[in-house]
Amino acid sequence: MLALILSSFVACIAGAISVARSLAVVSESECFSRLWARAILSEYDRHLLEDYGIMAYFGSEKEVNEKLDTYADYSLQAKLDAKIGRSSSYLGDYVLADTDNFAEALSKSFAYETGESIIQGSARIERAENASESDRVIRNQVVIDTLPSQGIQSEPDTAEIKEKIENAGSFESLISAGGRTATEMNFVRRHMGNYLYAADNKECFLQNEWEYIISGKLSDLENYSSCRAKLFAIRNALNLVAIYKDPAKTAVLAEIAELITPGPAGLITQAVLAEAWAAAETEADLRKLYSRGRVPLIKNADEWQISLRSIVSSDKFMDELEEEAKKQLEEKSEEIGGLAEGVDSALKEFTRGQTYEDYLLVMMLAVNDNVRLLRIMDIVQINMKLRYYRDFSLEEYYVGTEIAIEANGREYEVEDRYN
């Protein structure tokens, strides 16, 4: 009887030990799998974090699986009679080249960047004039073919921008954006340069990065020229609006046109004169913007830079007139000059208005949301290639992982990503 009791007691102890071993394996597998997922994430690219505030690691499912097998062999194999199977991972939903993942990475980087900017302050630097005139061109076909944007062409509609500016009421309401768009704009301001300003002292391939986001050209010069043409179209349209909204200006234009070409033809002359005046004013606006000055979106009557008298006597306006109209203009030059002086304001420096970067910001907001984000990704990839890795690709970087390890016939799954 004692032998039976002792045997039963020993069997119970053995069973308890076996259950304890199994529970220990379960506990260790659950803890280690979470730890190993964090270990994978801990191998983030330091350059990508320091330059752009983005946390992502380089790798592949094969490399992650090999690391997991190594971790499992070291921590679990031959311990507590654990039988370890093959590890597996899935990274497809976490690739940095995916627009949703990249946008989320930008959003998470914002807190890091805010703290860094508080410590270091703004690093935007004025470009020297000769630096702004460089024309770098992306010619490597491999680089071009692997760009996240894949050469997608989408440009802001200048007529739509003009309409938005007219209806906005203020610059602040025009650029007010929430969610992903606000995050992107903050990222661009912090890390990317344009024709007038560099973001920091780090080397970049395209200097006109803001302009690239708007135009998507592979040449610095083409991006500059394209943005200048758009800026001219926007300002010219706004200056025409300002002319026709000013009763004094429109009245004088009508009087001068009637003196030059009496009758119905006066309407055509009035339109030509208004367009010539707006175009000349636009050129003056652009000179001011490119010299780091300010130009109001919608000007007041006393904020005009170009005199009407100078337009009436200009060769450009004269070339648009018929011979008879030119004679009338010469004969009545004094009367026309007097009318023009009545609406000409004294030239003054603008104390309000928007800068070149403000105008670029408005144009960026008018680009298709997906295309804008893809072009931001282009710039990150191009600069990482230039600075650190010639074969850098966002397709090979990940912001999270799903792993599975097998122990004693049971699978343990963990999903983790950067927070």
Side-chain angles (χ1 to χ4, degrees), residues 51-52 97 102 124-158 161 184-185 187-236 282-283 286-287 289-292 355-394:
D51 286 14
Y52 292 105
F102 189 85
R124 295 192 72 77
I125 303 166
E126 289 188 6
R127 292 196 191 278
E129 290 186 13
N130 57 349
S132 302
E133 296 171 358
S134 68
D135 182 25
R136 284 188 168 181
V137 183
I138 302 174
R139 294 188 174 89
N140 188 310
Q141 197 59 46
V142 174
V143 173
I144 296 171
D145 292 341
T146 56
L147 288 175
S149 69
Q150 297 289 303
I152 296 174
Q153 291 300 309
S154 175
E155 298 191 7
D157 187 329
T158 53
I161 295 173
E184 291 171 15
M185 294 300 98
F187 183 82
V188 169
R189 282 170 163 166
R190 174 67 183 169
H191 295 292
M192 296 179 183
N194 53 57
Y195 184 77
L196 294 182
Y197 296 94
D200 47 43
N201 286 316
K202 292 185 174 70
E203 186 180 12
C204 56
F205 188 84
L206 292 175
Q207 292 189 351
N208 300 336
E209 293 173 327
W210 289 33
E211 291 85 349
Y212 174 82
I213 295 171
I214 296 167
S215 301
K217 310 296 183 184
L218 299 176
S219 158
D220 258 335
L221 184 58
E222 287 184 16
N223 285 317
Y224 162 78
S225 301
S226 177
C227 279
R228 194 185 192 285
K230 293 182 183 67
L231 189 53
F232 183 92
I234 293 168
R235 280 278 3 129
N236 191 67
T282 299
E283 285 293 347
L286 264 57
R287 286 195 297 272
L289 288 174
Y290 282 107
S291 61
R292 300 183 175 87
T355 65
Y356 175 71
E357 287 194 334
D358 292 333
Y359 279 92
L360 290 188
L361 184 61
V362 172
M363 288 193 283
M364 268 192 280
L365 290 171
V367 176
N368 174 273
D369 290 350
N370 194 55
V371 173
R372 181 177 61 242
L373 183 61
L374 287 170
R375 288 176 180 169
I376 292 172
M377 294 165 67
D378 287 350
I379 294 171
V380 171
Q381 181 164 299
I382 290 167
N383 286 339
M384 289 296 290
K385 283 179 180 290
L386 175 68
R387 296 171 187 172
Y388 307 110
Y389 322 109
R390 293 187 63 182
D391 57 350
F392 179 91
S393 173
L394 295 175

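Computed from a predicted structure; not experimentally measured.
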Asker: Is a side-chain donor or acceptor of Glu203 paired with a backbone partner of Leu386 at a separation under 3.5 angstrom?
Answerer: no
Asker: Assess the residue pair Tyr195 and Tyr290 against the criterion (ring pair (Phe, Tyr, Trp, His ring centres under 6.0 Å)); give the C-alpha distance rounded to whole Å, side-chain angles, the decisive distance to 0.1 Å, and a yes or no.
Answerer: CA-CA 9 Å; Tyr195 184 77; Tyr290 282 107; 5.5 Å; yes
Asker: In the structure I gave you, are the side-chain heavy atoms of Val371 and Arg375 within less than 4.5 Å of one another anywhere?
Answerer: yes
Asker: Of the non-hydrogen atoms in Tyr212 and Leu147, which two are nearest, and what is the gap between them?
Answerer: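 That would be OH-CD1, 4.1 Å.
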Asker: Evaluate the side-chain proximity of Tyr359 to Arg235: yes if any heavy-atom separation is below 4.5 Å, no if none is.
Answerer: yes
Asker: Looking at every non-hydrogen atom in both residues, tell me the closest pair between Ile152 and Leu374 and how far apart they are.
Answerer: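 Here Ile152 and Leu374 meet closest at CD1-CD1, 3.9 Å.
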Asker: Between Asn208 (side chain) and Asn223 (backbone), is there a donor-acceptor pair under 3.5 Å?
Answerer: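 No, because the side chain of Asn208 does not come within donor-acceptor range (under 3.5 Å) of the backbone of Asn223.
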Asker: Does either side chain, that of Ser149 or that of Asp378, offer a donor lying less than 3.5 Å from an acceptor on the other one?
Answerer: yes
Asker: Any non-hydrogen side-chain atom of Met185 less than 4.5 Å from a side-chain atom of Leu365?
Answerer: yes
Asker: I'd like to know if the side chain of Thr355 pairs up with that of Asp358 as donor and acceptor (distance under 3.5 Å, no hydrogens or angles considered).
Answerer: yes
Asker: Does Arg387 make a cation-pi contact with Phe392 (under 6.0 Å, within 45 degrees of the axis)?
Answerer: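 No, Arg387 does not sit over the ring of Phe392.
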Asker: Does Arg127 use its side chain to pair, donor to acceptor, with the backbone of Gln207 at less than 3.5 Å?
Answerer: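 Pair found, side chain donor or acceptor close to backbone of Gln207.
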Asker: With no hydrogens and no angle check, do the side chains of Tyr388 and Asp51 hold a donor and an acceptor under 3.5 Å apart?
Answerer: yes
Asker: I'd like to know if Asp369 pairs up with Arg372 as an ion pair, taking the criterion as any Lys NZ or Arg NE/NH1/NH2 lying under 4.0 Å from an Asp or Glu carboxylate oxygen.
Answerer: yes
